[in-house]
Amino acid sequence: DTTVKQNPRYKLARVGKPVNLICSQTMNHDTMYWYQKKPNQAPKLLLFYYDKILNREADTFEKFQSSRPNNSFCSLYIGSAGLEYSAMYLCASMTGRDTGQLYFGEGSKLTVL
Amino acid sequence: GEQVEQLPSSLIVQEGASVLINCSYTDSASVYFPWYKQEPGKRLQFIIDIRSNMERKQTQRLTLLFDKKTKHLSLHITATQPGDSAIYFCSADNAGAKLTFGGGTRLTVRP
């Protein structure tokens, strides 16, 4: 099974409220990623886990948090949503730590009102 | 950091035509270049890749060319079909497990 699952698929949130997105994979992949995708833009890397080590991008360091309680699950947490957070959030996983093919989930579409 | 540019941003062709999608990157440390495709309403899917020690890779109707000197890639799709309609993304990886994507090329193949 090469499926990455994301929940919820659609999320409506009010400005200032928290948002938690969940991702799971059953491929025993070491590395899990979160990307933010806005219409007509490139997917933007937010953070990734290699095993239990979290790497966050410098420009999104304070905006997004994440946890990986076990190898299969990874969450993306926004403490206080702003309008600019409206986007598709893509989870992906990869075996190993080096280069390789990413397996993507279908995405969680977040709309902040 | 790495920047990846793709051109054109959109293409409309008739079924059976060939298309060329160009991609350039800036970081000479990038060593791995996977391409992904996103069909309407579906997840991104890997379609082809190339490493920096190669110049060409072909799989079925896809040919990927790589020029390390100019930091340029091009994806050639032959005999296009309506099912090829999708957004195609070029990406670059510097072996640190961080993939940087281009903005995508929206391909529409008319029957």
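Every chain is numbered from 1, with letters handed out A, B, ... down the list of sequences. As a basis for the values below, the full set of heavy atoms in this structure was taken, side chains included, without hydrogen atoms, waters or symmetry mates.
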Quick one: [atom1] on [X] to [atom2] on [Y], what's the gap to the nearest 0.5 Å?
{"X": "A:L102", "Y": "B:F101", "atom1": "CG", "atom2": "CZ", "answer": "6.0 Å"}
{"X": "A:L45", "Y": "B:E2", "atom1": "CG", "atom2": "CD", "answer": "12.5 Å"}
{"X": "A:Y103", "Y": "B:R43", "atom1": "OH", "atom2": "CZ", "answer": "12.0 Å"}

Restricting to non-hydrogen atoms, name the atom on [X] and the atom on [Y] that form the minimum distance, rounded to 0.1 Å.
{"X": "A:K37", "Y": "B:F89", "answer": "CE-CZ, 3.6 Å"}
{"X": "B:G102", "Y": "A:A42", "answer": "O-CB, 3.1 Å"}
{"X": "B:Y32", "Y": "A:Q101", "answer": "OH-N, 3.7 Å"}

For [X], is the [atom1] atom crowded, meaning more than 12 foreign heavy atoms sit under 6.0 Å from it?
{"X": "B:R106", "atom1": "CZ", "value": "no"}
{"X": "A:N40", "atom1": "CG", "value": "no"}
{"X": "B:R110", "atom1": "CZ", "value": "no"}
{"X": "A:K44", "atom1": "NZ", "value": "yes"}
{"X": "A:K38", "atom1": "NZ", "value": "yes"}

- Query: Is it true that a side-chain atom of B:Y36 and a backbone atom of A:F104 form a donor plus acceptor pair closer than 3.5 Å?
  - Reply: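 Looks like no, no N/O pair under 3.5 Å.
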| Linked hydrophobic residues, A:I22 as query - side chain contacts closer than 4.5 Å |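 A:F73, which link up through side-chain heavy atoms under 4.5 Å apart, make up the rest of the cluster.
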**Prompt:** What residues form a disulfide bond (SG atoms under 2.5 Å apart) with A:C74, not counting sequence neighbours?
**Reply:**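 Testing A:C74 for disulfide bond (SG atoms under 2.5 Å apart), a comparison that skips the adjacent residues, returns none.
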Heavy-atom distance under 4.5 Å to chain A: side chain of B:L99, backbone, both or neither?
->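 Both parts, heavy atoms under 4.5 Å.
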- Query: In terms of heavy-atom proximity below 4.5 Å to chain B, should A:Q41 be classed as side chain, backbone, both, or neither?
  - Reply: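 Backbone of A:Q41 only, per the 4.5 Å heavy-atom cut-off to chain B.
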Top contributor to chain A contacts, counting heavy-atom pairs under 4.5 Å, from B:D49, B:V4, B:I87, B:L44:
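Top option by heavy-atom pairs under 4.5 Å: B:L44.
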